[in-house]
Amino acid sequence: MQFRFGKSKCRISEANQRLLELLATTAKEHNATAAQISLAWMLCKKSWIVPIPGSRKPERMQENAGAAGIKLKHAEVDALDKALNEIPMSEVFGGSKIKK
């Protein structure tokens, strides 16, 4: 499967693909976007974790704000957690690998 990121294409791993499909399915069930589900998932974590999404367009700011109204079920949060735990972490922008 290929996804388009800006002007470049990249292949994604099976684990990434499963996560993206889960996000898309969950988004459809909530009449939301995958980005809103991602933000809603972060809001479910700890009360001191506050996602700060960047946005250049007012419509994206509205979309992001809509995540606050999405109530994910425990099973949905668990499914997203499981999908994320199956993706091997790699160095990003010179960072170090995350060890479990």
Side-chain angles (χ1 to χ4, degrees):
M1 177 178 255
Q2 288 187 347
F3 282 85
R4 205 172 235 307
F5 294 99
K7 295 180 181 178
S8 64
K9 288 183 184 178
C10 68
R11 289 218 169 264
I12 59 172
S13 72
E14 275 187 42
N16 287 351
Q17 181 177 338
R18 284 193 302 273
L19 174 61
L20 291 173
E21 289 170 355
L22 177 59
L23 282 169
T25 300
T26 306
K28 187 174 182 180
E29 290 171 2
H30 286 272
N31 194 28
T33 65
Q36 287 175 316
I37 297 302
S38 297
L39 290 169
W41 171 82
M42 288 192 79
L43 291 169
C44 288
K45 293 301 170 185
K46 306 285 183 190
S47 60
W48 62 86
I49 296 176
V50 180
I52 305 173
S55 182
R56 295 183 181 174
K57 298 180 180 181
E59 57 269 17
R60 291 290 169 249
M61 289 172 44
Q62 284 183 304
E63 177 184 327
N64 292 339
I70 296 172
K71 303 298 179 215
L72 295 175
K73 299 174 195 142
H74 290 291
E76 292 169 323
V77 174
D78 290 343
L80 289 166
D81 287 341
K82 183 178 182 217
L84 283 165
N85 286 332
E86 292 176 359
I87 298 173
M89 300 304 285
S90 63
E91 295 181 37
V92 178
F93 301 112
S96 15
K97 292 183 180 180
I98 297 174
K99 297 179 184 177
K100 290 187 178 187

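Everything numeric in this text was worked out from a predicted model, so none of it was measured.
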- [ ] Provide the closest heavy-atom pair for A40 versus L72 in the form atom of the first, atom of the second, distance.
- [x] C-CD1, 3.9 Å
Task: Hydrophobic cluster identity match, L84 and L39, side-chain contacts under 4.5 Å - done: no
Open item on the list: Using every non-hydrogen atom in the two residues, find where A68 and L43 come nearest and quote the distance to one decimal.
Closed with: CA-CD1, 4.0 Å
- [ ] Give the cluster check for W48 versus V77: same hydrophobic cluster or not, with ILVMFWY residues linked at side-chain heavy-atom distances below 4.5 Å.
- [x] yes
Open item on the list: Using side-chain heavy atoms (C-beta onward) and a distance below 4.5 Å, is T26 in contact with W41?
Closed with: no
- [ ] Evaluate the side chain to side chain contact (heavy atoms under 4.5 Å, CB included) criterion for residues R18 and L22: first the C-alpha distance (whole Å), next the side-chain angles of each, then the deciding distance (0.1 Å), finally the verdict.
- [x] CA-CA 6 Å; R18 284 193 302 273; L22 177 59; over 6 Å; no
Task: Shortest non-hydrogen contact between N64 and G54, atoms and distance - done: ND2-O, 4.2 Å
TODO: Look at atom NZ of K45 and say whether more than 12 heavy atoms of other residues, nucleotides or ligands are closer to it than 6.0 Å.
DONE: yes
Task: Euclidean distance, I52 CD1 relative to M42 CE, rounded to 0.5 Å - done: 9.0 Å
TODO: Report yes or no: does Q36 contribute a side-chain atom to a donor-acceptor pair with the main-chain N or O of E63 at less than 3.5 Å?
DONE: yes
- [ ] Report whether I70 and L19 are members of the same hydrophobic cluster (ILVMFWY, side-chain heavy atoms less than 4.5 Å apart, transitive linking).
- [x] yes
Task: Heavy-atom pair with the smallest gap, counting every atom of K71 and H30 - done: O-CE1, 3.4 Å
- [ ] Return the minimal non-hydrogen interatomic distance between A27 and A34, and the atom names on each side.
- [x] CB-N, 3.7 Å
